[in-house]
Number of protein chains: 2
Amino acid sequence: MNKAQGAMSYDELRGAIAQRHRALSGRLQQIAEFVLDHPTDVALGTVAEVAQRSGVPPSAIVRFAHALGFGGFTEMQQVFRSRLVAGVAPSYKARLARMKSEEKSVLGRQPAAVLSRFVSEAQSALVTLSQSVHARELDAATAILAKARDIYLLGLGGSFPVATHLAYVLRKLGRRVVLLDGTGGSIHEQSHAATTEDALVAISFRNYYPDTARLFPELVARGVPTISITDSLLSPIVEGASVVFEIQDMPEPALRTLVAPMCLVQAMAIGLDLAAD
Amino acid sequence: MNKAQGAMSYDELRGAIAQRHRALSGRLQQIAEFVLDHPTDVALGTVAEVAQRSGVPPSAIVRFAHALGFGGFTEMQQVFRSRLVAGVAPSYKARLARMKSEEKSVLGRQPAAVLSRFVSEAQSALVTLSQSVHARELDAATAILAKARDIYLLGLGGSFPVATHLAYVLRKLGRRVVLLDGTGGSIHEQSHAATTEDALVAISFRNYYPDTARLFPELVARGVPTISITDSLLSPIVEGASVVFEIQDMPEPALRTLVAPMCLVQAMAIGLDLAAD
DNA sequence: TCAGAAATGGAATGAATATTCTAATCGCAG
DNA sequence: CTGCGATTAGAATATTCATTCCATTTCTGA
């Protein structure tokens, strides 16, 4: 009733409820048991819904929140909601908050701190990658590459390193690769020979490089099987693609690490090689 | 507008949004992009909040929901909430178990298994990186780059993606960069203008690219301050370097992920930018 | 350039919601 | 059995919210 409950984590709240459980009145104990058993209902439901499911009148729910030191049900609900967002987005929220705060502090500006920040960012990007990429897509992608005579790679601007890396690995594995980099003329000319017998791997993140957005539909229209690696289903290289890998939470261009797409393309290339035997 | 949207999963909704995106009007497209980027905000926020964060009037949000075939915002929100609920149920343990089982199942030859192997390799590479790089070296490196007029980047063969990535980030930050890639002539000519006022970042791993081994000593001899990123103190770009970053345990060329050097160069670039203010 | 159509923004509206208030009930000591 | 304080339930209330409506602006095609 007296504690400051301003910023409380879900686990702390669980502890507080368990601790005070004995001291609560009958109805309030009943509610305590319900909310610990059904935290998701509390997070997303209204007072009336929670009241009905736990078999108490709505006002009792509000009294329960008051007894725990919250200003009302809405305030308590925030804690239950934080549990949901923590479960679904281990990277996103924490990353934004951390970057914001560290960016301004003196500590965050020292190169060593910057490095450790990028390392942990890369870690979470890898976790997200392994969760969001499904076996079906990878199988489809390697199948396309296996049948391709020549493999065309389209990745410009910030995505160029990914394309060059994939080119390097594929060539090491003996595949015929055409890297569309615009050197010595237009990309159009470089890609002119691509047919339905070949394959295209396109990589593009915001802001989508104009040439990529322009060339991609042309190759799709010519019937070239296409694997897209991008950060949004709305990107210009999604429509018409045979396989799409979506890599979420790419930070702004200067801050993105490319760790996730680099890993992905390498897994594609090596997986292709292993499956071929 | 016509589909029955009764029971729709979050992934299905994503697909539907992406599919109709082009057919939507300007404002609605803007909202489509926002909701795909901030699904959590949509799940937990009110119409007014979502409207404000996405920079549109509340009525537009409702029209967006209608355009997708929902009866209103509340109906659409249910789908976004289902994502939160799904994310919290199979918690940490289940995810780990899934990775473990996938790793062993039916050989490690399936593409999905290959990906998870690269991911965990990359994870450990990042840990090693943050342990082996010391603040003193990073400070020295950023100091060199801060004083440099032009920054020359030398990374060929398998290291080329690292060089292009560093070039991209440095240019985004407004630095003058010369990427030594041998396009349109010899690398020697490209590097001819480098002086003691400039700086060189050299990246090379086994087997050391011949051109790199040849060019590096020349620039050192001309007194160009040099930062080397390599995998052994015996590599040809160590002797004479002002700062050396040694990244150990690099696998054979085709299998290496470049995750560690990518992170390192980015931390260098951003650290340089933050320290400059 | 103009007319018609589509889209947009903002205010108005009515529903839904959390909260408060009060009368009734319960528990309990004397 | 009685009276008092704590507790409760449900109605009343004030607030917040989603939705609708309409005047205005912005596209589109001739």
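From a predicted model like this one, the values you see are computed outputs, not experimental measurements.
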Rounded to whole Å, please give me the gap between CZ in B:F70 and C1' in D:dA18.
16 Å

Which listed nucleotide (C:dT20, D:dC17, D:dT20) is nearest to the side chain of B:T46?
D:dC17

Any side-chain heavy atom of A:E246 sitting closer than 4.5 Å to one from A:L233?
yes

A:R206/B:D37 ion pair, N-O < 4.0 Å
yes

Can you tell me the distance, in whole Å, between the CG atom of B:L24 and the P atom of C:dA6?
16 Å

Nearest-angstrom distance from the residue atom CD of B:E49 to P of D:dA18
8 Å

Write down the distance between CD (A:Q77) and P (D:dC17), rounded to a whole number of angstrom.
12 Å

Looking only at the side chain of B:P58 (C-beta and beyond, no hydrogens), which of the listed nucleotides C:dT19, D:dT19, D:dA9 gets closest?
D:dT19

Does D:dT19 have OP1 or OP2 sitting under 4.0 Å from an N or O in the side chain of B:T74?
yes

Looking only at C:dG10, D:dT20, D:dA9, the nucleotide nearest the B:V62 side chain is D:dT20

Quick check against the 3.5 Å criterion: does A:S228 have a side-chain atom that pairs as donor or acceptor with the backbone of A:I237?
yes

For A:I61 and C:dT17, give me the distance from atom CD1 to atom P, rounded to whole Å.
15 Å

Kindly say if B:S25 contacts the phosphate of C:dT8, meaning a side-chain N or O under 4.0 Å from OP1 or OP2.
yes

Would B:S9 and B:D11 count as having a side-chain donor-acceptor pair, cut-off 3.5 Å?
no

Find the distance A:E75:CD to C:dA18:C1' and express it as a whole number of Å.
13 Å

So, is B:R63 near the phosphate of C:dA7, with a side-chain N or O under 4.0 Å from OP1 or OP2?
no

Which of the following nucleotides, D:dA18, D:dT8, C:dT19, is nearest to the side chain of B:V47?
D:dA18

In whole angstrom, give the distance that lies between atom CD of A:Q52 and atom C1' of D:dG10.
15 Å

Distance (rounded to the nearest 0.5 Å) between A:I203 CD1 and A:T212 OG1
9.0 Å

Nearest to the side chain of B:S59, heavy atoms from C-beta on, is which of C:dG9, D:dA9, D:dT8?
C:dG9

Check this one for me: any side-chain N or O of A:H66 less than 4.0 Å away from OP1 or OP2 of C:dT20?
yes

Regarding the side chain of B:F73, the nearest nucleotide among D:dT20, D:dT19, C:dT8 is D:dT19

Atom-pair distance (CD1 on A:I31; P on D:dA9), nearest Å
8 Å

